[in-house]
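Remember, it's 1-based here, ligands and their atoms both numbered in the order they're listed. Keep in mind that the numbers below use all heavy atoms, side chains included, and drop hydrogens, waters and symmetry copies.
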Amino acid sequence: MCDNEKKLYACYDNIRKITDFVPKIAIVLGSGLGGFADDIEVVCAVSYKDIVGFPVSTVPSHKGQFVFGYVDYAPVVIMQGRVHYYEGYSMSDVVLPIRLTKLLGADTIILTNASGGINTDFKVGDFMLMTDHISSFVPSPLIGENFESLGVRFPDMSCVYSKELRDIAEKSAVQIGTKLKKGIYIQTSGPNYESPAEVRLYRALGADAVGMSTACEAIAANHAGMKTCAISCITNMACGITDIPLSHHEVEETGELVQPVFRKLLKQMILNISKESL
Ligand code: HPA
């Protein structure tokens, strides 16, 4: 077992000293979207900084904790805040929390993020169901010795975002009376936003939205055999699509504005997933 895999299991042992909770569904909350943790019946919370070796987020609005609890009867773990490649962590560290949720028992994961809209049919505040991604501009999180205990060396990526979960997301959106756009997400390293020329390039490549996370997490989740779904909140139009200069403040502000609907959507999705016991 390589050092990174040992570190993962050490983090697991650390958490197991605090709680024996076994989640079925993991949820990662992106920028400005952390409030969903208030909607669950909390059993316990574990701060990332209390897990030895765990990568701790430096993004101001990211709380940095696992929250364990129930949505109705569904046991869930929420990651309130994630770490990003641009914070200086290795890709293996960036996806460690995802793998940890799998070890803890989650077989399904819902990833959420804030992104810049490239598709001009999108508007600020829209939700985009990720149908696929482009991760070619960041290193694969699977580089290095393979974590044999989790998955194969050369995992297939033909359907990273589960069709069943996408259907559930669409059905859930209808049930709560909101619209869900669909599209392809491209991950960049960040932390700088893109230049207009880069956004034109990404558009030509087929991307509908751009962000600094998620695709790498989805790859790691897929590698570990987790059913994966991802929803992006278009918090701003990407650079050059409009003349408005980009700021993290705008990203957070939009996230806050759409939170009530977003929280409803997540809850409905979890109810439907547990009802269909996927
Ligand atoms: N670009 C990259 N990441 C982002 C953006 C963006 O425009 N908005 C929110 N996260």
J.: Select one of side chain, backbone, both or neither to describe which atoms of Ser115 lie under 4.0 Å from any atom of ligand 1, heavy atoms only.
T.: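 Just the backbone.
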
J.: Nearest non-hydrogen contact with atom 10 (N) of ligand 1 belongs to which option: Ala114, Gly211, Gly117?
T.: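 The residue whose heavy atom sits nearest atom 10 (N) of ligand 1 is Ala114.
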
J.: Side chains of Glu252 and His249: is there a donor and an acceptor less than 3.5 Å apart?
T.: no

J.: Enumerate the atoms of ligand 1 whose separation from the nearest heavy atom of Leu246 is less than 4.0 angstrom.
T.: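 Those of ligand 1 that fall under 4.0 Å from Leu246 are 7 (O).
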
J.: Does Tyr70 form a ring pair (Phe, Tyr, Trp, His ring centres under 6.0 Å) with Phe21? I'd like the steps, not just the answer.
T.: CA-CA 10 Å; Tyr70 291 92; Phe21 192 90; 5.3 Å; yes

J.: Tell me the contacting part of Thr188 for ligand 1: side chain, backbone, both, or neither, using a 4.0 Å heavy-atom threshold, strictly below.
T.: neither

J.: Please work out, at 4.0 Å between heavy atoms, whether the side chain, the backbone, both, or neither of Thr235 comes within that distance of ligand 1.
T.: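 Answer for Thr235: side chain.
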
J.: Report the nearest protein non-hydrogen atom to atom 5 (C) of ligand 1: residue, atom name, distance rounded to 0.1 Å.
T.: Gly116 N, 3.4 Å

J.: So if I count the atoms of ligand 1 from 1 in the order they appear, which ones are less than 4.0 Å from some heavy atom of Val251?
T.: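 What qualifies from ligand 1 is 8 (N), 9 (C).
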
J.: Taking Tyr89 for its side chain and Val56 for its backbone only, find out whether a donor-acceptor pair lies under 3.5 Å.
T.: yes

J.: Given Thr188, which partner from the list Val138, Ile134, Val210 fulfils the side chain to side chain contact (heavy atoms under 4.5 Å, CB included) test?
T.: Val210

J.: So does Asp107 pair up with Lys24, basic N to acidic O under 4.0 Å?
T.: yes

J.: Using a strict cut-off of 4.0 Å, indicate which atoms of ligand 1 neighbour a heavy atom of Glu194.
T.: 1 (N), 2 (C), 6 (C), 7 (O)

J.: Check whether the side chains of Thr235 and Glu250 place a donor and an acceptor atom closer than 3.5 Å, and report yes or no.
T.: no

J.: Under 3.5 Å, is there a donor-acceptor pair between the Asp50 and Gln65 side chains?
T.: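 Result is no, nothing qualifies.
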
J.: If you have a sec, work out which protein heavy atom is nearest atom 8 (N) of ligand 1 and how many Å separate them, to one decimal?
T.: Asn236 OD1, 2.7 Å

